[in-house]
Amino acid sequence: MSKETIAPHIIQRRLMRINRLHRCAIDSKVSKAGLPRSQHMMLMHLNRRDFKVSQKELADHFEISPAAVAVTLKKLESDGYIEKAASKDDSRFNEIAITEKGRSVVEFSHKVFSETDEKTFEGISDEERILLLKILDKVEINLKSILGKEE
């Protein structure tokens with residue numbers, strides 16, 4: 001019996017396609033919240049953080065310009081999803097609070113993420129999930145090694 005060899009690029013393309021499909025599934029449901037993707041991503045990031053934030057930090061995180069961050073924050077503020085105030089301690093930072101309207105989008109989004117993830121792995125046993133996670137851990141270690149980022 002011969003061993004079948006699968007070229008790594010075939011697996012990599014499949015991973016990329018799965019990632020794209022997952023993002024599309026999430027985006028199609030989250031779009032019902034009424035926010036463009038960039039604003040939604042910024043709101044979700046701000047929700048995970050409870051700190052004073054600079055536009056530069058946000059720009060670095062999202063790999064966009066500080067001006068694009070300013071536009072996105074201004075739109076989130078004008079639409080009532082966040083409240084922004086200059087920090088009393090450091091003028092380089094804004095204190096950003098998510099409003100009730102913003103929290104409702106965050107809660108809706110968390111529900112969408114959870115439901116989509118459950119549906120994504122439906123019919124896959126715990127043993128298969130564990131094996132998949134172990135394989136992905138090895139792939140991540142290999143990629144970090146390529147980048148010179150040891151854990």
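Just so you know, these numbers come straight off a predicted model, no measurement behind them.
- Taking the charged nitrogens against the carboxylate oxygens, Lys111 and Glu107 have no contact shorter than 4.0 Å, which rules out a salt bridge.
- A donor-acceptor contact shorter than 3.5 Å links the side chain of Lys101 to the backbone of Asp79.
- Rounding to the nearest 0.5 Å places CD of Glu127 at 6.5 Å from CD1 of Ile130.
- Note: Ile6 CD1 to Ile11 CD1 = 5.5 Å, rounded to the nearest 0.5 Å.
- Rounding to the nearest 0.5 angstrom, the gap separating the NE2 atom in His110 from the CE atom in Met44 is 3.5 Å.
- Heavy-atom contacts from other residues, nucleotides or ligands closer than 6.0 Å to NZ of Lys56 number 12 or fewer.
- Checking Ser109 against His40 by side-chain atom types alone, a donor-acceptor pair falls below 3.5 Å.
- Among all heavy-atom pairs drawn from Ser28 and Ser31, the shortest one is O-OG, 3.0 Å.
- Separation of atoms CD (Glu115) and CG (Asp117) is listed at 10.5 Å; rounding is to 0.5 Å.
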- Task: Run the numbers on Lys75 and Val71 for side-chain contact (heavy atoms from CB on, under 4.5 Å), then give the verdict.
- Result: CA-CA 6 Å; Lys75 185 68 175 148; Val71 169; 5.6 Å; no
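- The environment of Arg14 atom CZ is sparse: at most 12 non-hydrogen atoms of other residues, nucleotides or ligands sit within 6.0 angstrom.
- Hydrophobic clustering (ILVMFWY, side-chain heavy atoms < 4.5 Å, transitive): Leu136 and Ile10 are in one cluster.
- Contact between His61 and His45 at its shortest, heavy atoms only, is NE2-ND1, 3.3 Å.
- Side-chain contact between Met42 and Val69: present, with at least one pair of heavy atoms (C-beta onward) separated by less than 4.5 Å.
- The CD atom of Glu118 lies 9.0 Å from the OG1 atom of Thr120; values are rounded to the nearest 0.5 Å.
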- Message: If you apply the rule side-chain contact (heavy atoms from CB on, under 4.5 Å), what do you find for Ile96 with Glu77, and how did you get there?
- Response: CA-CA 9 Å; Ile96 297 174; Glu77 185 178 24; over 6 Å; no
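- Inter-residue side-chain proximity for Ile124 and Leu132 is flagged as unmet; no heavy-atom pair is nearer than 4.5 Å.
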- Tell me, with the steps shown, if Glu128 and Phe121 meet side-chain contact (heavy atoms from CB on, under 4.5 Å). CA-CA 10 Å; Glu128 290 170 319; Phe121 291 96; over 6 Å; no
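- A side-chain contact (heavy atoms from CB on, under 4.5 Å) with Asn19 is found for one member of Arg17, Met16, Arg23 and no other, namely Arg23.
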- Check the pair Leu15, Gln12 against side-chain contact (heavy atoms from CB on, under 4.5 Å), reporting the backbone distance first and the verdict last. CA-CA 5 Å; Leu15 289 170; Gln12 184 60 42; 4.3 Å; yes
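- Between the side chain of Thr116 and the backbone N or O of Phe113 there is no donor-acceptor pair closer than 3.5 Å.
- Residue Asp137 holds its CG atom at 11.0 Å from CG of Asn142, rounded to the nearest 0.5 Å.
- Closest heavy-atom contact between Leu46 and Ile98: C-CD1, 3.9 Å.
- Checking side-chain atoms of Thr72 against main-chain N and O of Ala68 turns up a donor-acceptor pair under 3.5 Å.
- When all heavy atoms are compared, the tightest approach of Met41 to Phe62 is O-CZ, 3.6 Å.
- Partner of Val105 under the side-chain contact (heavy atoms from CB on, under 4.5 Å) criterion, out of Leu76, Asn47, Leu43: Leu43 alone.
- Taking all atoms of both residues into account, the shortest heavy-atom contact from Pro66 to Gln55 is O-NE2, 3.3 Å.
- Judged by distance alone, the side chain of Gln39 and the main-chain N or O of Pro36 form no donor-acceptor pair under 3.5 Å.
- By the rule that hydrophobic residues join a cluster once side-chain heavy atoms approach within less than 4.5 Å of another member, Val139 and Ile141 end up as members of separate clusters.
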